[in-house]
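Note on naming: letters A, B, ... go to the chains in the order of the sequence lines (proteins, then strands), and numbering restarts at 1 for each one.
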Number of protein chains: 2
Amino acid sequence: MSEQLPDRAGVPSQRAIPAATVARLPGYLRVLGEFANGQQSRISSSQLAIAAGVNPAKLRKDLSHLGSYGVRGVGYTVEHLMDQISRALGLNRDWPVVVVGVGHLGRALVGYDGFAARGFRIAALVDANPTIVGQHVSGLPVHDMTQLPALVSADGVKIGIIATPAVAAQEVCDQLVSAGVTSILNFAPRVLTAASGIEVRKVDVAMELQILSFHEHRRDTEHRRDPVGVLATGGPISDGHAGFDVRAEVGS
Amino acid sequence: MSEQLPDRAGVPSQRAIPAATVARLPGYLRVLGEFANGQQSRISSSQLAIAAGVNPAKLRKDLSHLGSYGVRGVGYTVEHLMDQISRALGLNRDWPVVVVGVGHLGRALVGYDGFAARGFRIAALVDANPTIVGQHVSGLPVHDMTQLPALVSADGVKIGIIATPAVAAQEVCDQLVSAGVTSILNFAPRVLTAASGIEVRKVDVAMELQILSFHEHRRDTEHRRDPVGVLATGGPISDGHAGFDVRAEVGS
DNA sequence: GTTTGTGAACAGTTTCACAGCT
DNA sequence: AGCTGTGAAACTGTTCACAAAC
């Protein structure tokens, strides 16, 4: 941030992008894609920020971490910005992905178009259930778990998705890691333990609903105690999208 | 935190639970449930913290915001703690939920057991597609969008789930809000705009994958430039689960 | 002895406000 | 004029370390 490594070549330093920034870049990228479709070739920080649901200053600081330079007095070039963000995220290549667990959720994931749109290609489907193995889902065959190491190494798969029941998740995680996967997206409601170099992220619907429940509950009890205004209760949860106007932009 | 409101009755203040804490409470609750199943009635902060994948100090601070008191030298009572967390999250009641969009994803959600387990009851399924309307999914009829206001008010639904294609999401969001829903979980890859009192959370698979892609990309480029160690690149992304041992506990 | 609860130090993130460039 | 990039301030969140309680 303040530490500006000189960086070997004249390449703008992409060292040390803050975690919070990385988590927002995909959102910017999607919104930029919409502007590009709308034939717009230049965009200002406030235009993009409002569309992405963030504060303009935050957006500019985020972009500054990429070494991405807009033009003062003018704004950013939509295409150039998309290119820079894609590069920072490593999206200018194809990422083969293996999906373990081909139940309802796994099928929903396989059928999701947003996958291919960003360069994620489903390289293989794997399941432990013998009645599912051998089926074809969206044109892809479902393999047995024993095939996992071969499938992963054949395609150089580094990203795995766990869409199994909770009880199987840790075992699947271990097998993915020993097959060579180093990034995991876990949909099972279970804490996963993995070696320290492995990046594990989770999507947990029940947890999200419980957070919403908290808000509804708070709303109730506050109305009861304080019918006029809102007591100090701390801002939005977790991702911390700050609403900054009457209509708050939320989500990505 | 430092401000200790005296609070009207002798009730421990549950004012101002930090957003980051609220986001972790569901995880604690699940892990506690596992210990309860295992017949364990008392638990220490470090035991629970390790199982939940967080730092023990963080866990204790989180619990202290609930006014939840353990016993020094002993630990916490599993059942009492579950009760306190449930209460803080508003889970000691039933929450009817409406699901809009009954495609692959919607069906996966409807079939997900974790729902009912925490008191979330699917009150209604709604879809805009005439070929889906009238079908039964997991025993529940799919209603037409025009029925939304009636369904929501009949059951006092406050929580809505959007599982539609991206193009429909904002329109659905508006309709949910005008029907009386005040908390929304959005699965569509689209920024939603809603009135400031409405709580919107999102689940975005493509975004999660892109964050994993960033990590894989960074791993690649670092190995290339710095084969020995790891350069300063900032910690884990977003939720900030700090690994604090050789095996990092991740997820919830 | 053990373990909690918490002030204080630290780290990360957001926002402000303005200098600097077009 | 307009808009970006960025120090500095403000805020939020995490971790340490220890006094207090059992």
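- Between B/Arg60 and D/dC16 there is no side-chain N or O to OP1 or OP2 distance below 4.0 Å.
- With sequence neighbours excluded, no residue forms a side chain to side chain donor-acceptor pair (under 3.5 Å) with A/Glu79.
- Ion pair B/Arg87/B/Asp83 flagged as a salt bridge, since at least one NZ, NE, NH1 or NH2 atom sits closer than 4.0 Å to an Asp/Glu carboxylate oxygen.
- Across the protein-nucleic acid pair, B/Asp62 atom CG and D/dG13 atom P stand 10 Å apart, rounded to whole Å.
- Distance B/Lys61 NZ to C/dA11 P: 16 Å, rounded to the nearest Å.
- Remark: C1' of C/dA17 and NZ of A/Lys58 are 18 Å apart, rounded to the nearest angstrom.
- In this entry the distance linking NE2 of A/His65 with P of D/dG7 reads 11 Å, nearest Å.
- No side-chain donor-acceptor contact under 3.5 Å links B/Gln84 to the backbone of B/His80.
- Every residue two or more places apart in sequence or in another chain that forms a ring-ring contact (aromatic ring centres under 6.0 Å, His included) with B/Phe115 is listed here: B/Tyr112.
- Comparing A/Thr21 and B/Ser46 by the nucleotide of DNA chain C that holds the closest heavy atom to each, the one mapping nearer the 5' end is B/Ser46.
- Checked against C/dG5, C/dT3, C/dT15, the side chain of B/Ser64 finds its nearest nucleotide in C/dG5.
- Considering only side-chain N and O atoms, A/Ser45 lies under 4.0 angstrom from the phosphate OP1 or OP2 of D/dT4.
- Every residue two or more places apart in sequence or in another chain that forms a side chain to side chain contact (heavy atoms under 4.5 Å, CB included) with A/Arg42 is listed here: A/Val74.
- Here D/dT12 presents its P atom at 16 Å from CD1 of B/Ile17, a figure rounded to the nearest Å.
- Out of D/dG13, C/dC16, C/dT14, the shortest distance to the side chain of A/Ala57 is found at C/dC16.
- As a whole-Å value, the separation of A/Gln84 CD from D/dG5 C1' is 14 Å.
- Partners of A/Glu208 by side chain to side chain contact (heavy atoms under 4.5 Å, CB included), not counting sequence neighbours, listed by chain and number: B/Leu185, B/Arg201, B/Val203.
- In terms of the side chain to side chain contact (heavy atoms under 4.5 Å, CB included) criterion, residue partners of B/Ser183 (sequence neighbours excluded) are, by chain and number, A/Leu212, A/Glu216, A/Arg219, B/Ile159, B/Glu199.
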Kindly give the atom pairs (protein nitrogen or oxygen, nucleotide nitrogen or oxygen) under 3.5 Å for nucleotides 20-22 of chain C.
unit_1, atom_1, unit_2, atom_2, d
C/dG20, N3, A/Arg72, NH1, 3.3
C/dT22, O4', A/Arg72, O, 3.2

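- As rounded to whole Å, 12 Å separates atom P of D/dT15 from atom CG of B/Leu59.
- Look at CG on B/Leu66: it is 10 Å from P on C/dG5, rounded to the nearest Å.
- Ranking C/dG5, D/dT6, D/dC16 by closeness to the B/Asn55 side chain, first place goes to D/dC16.
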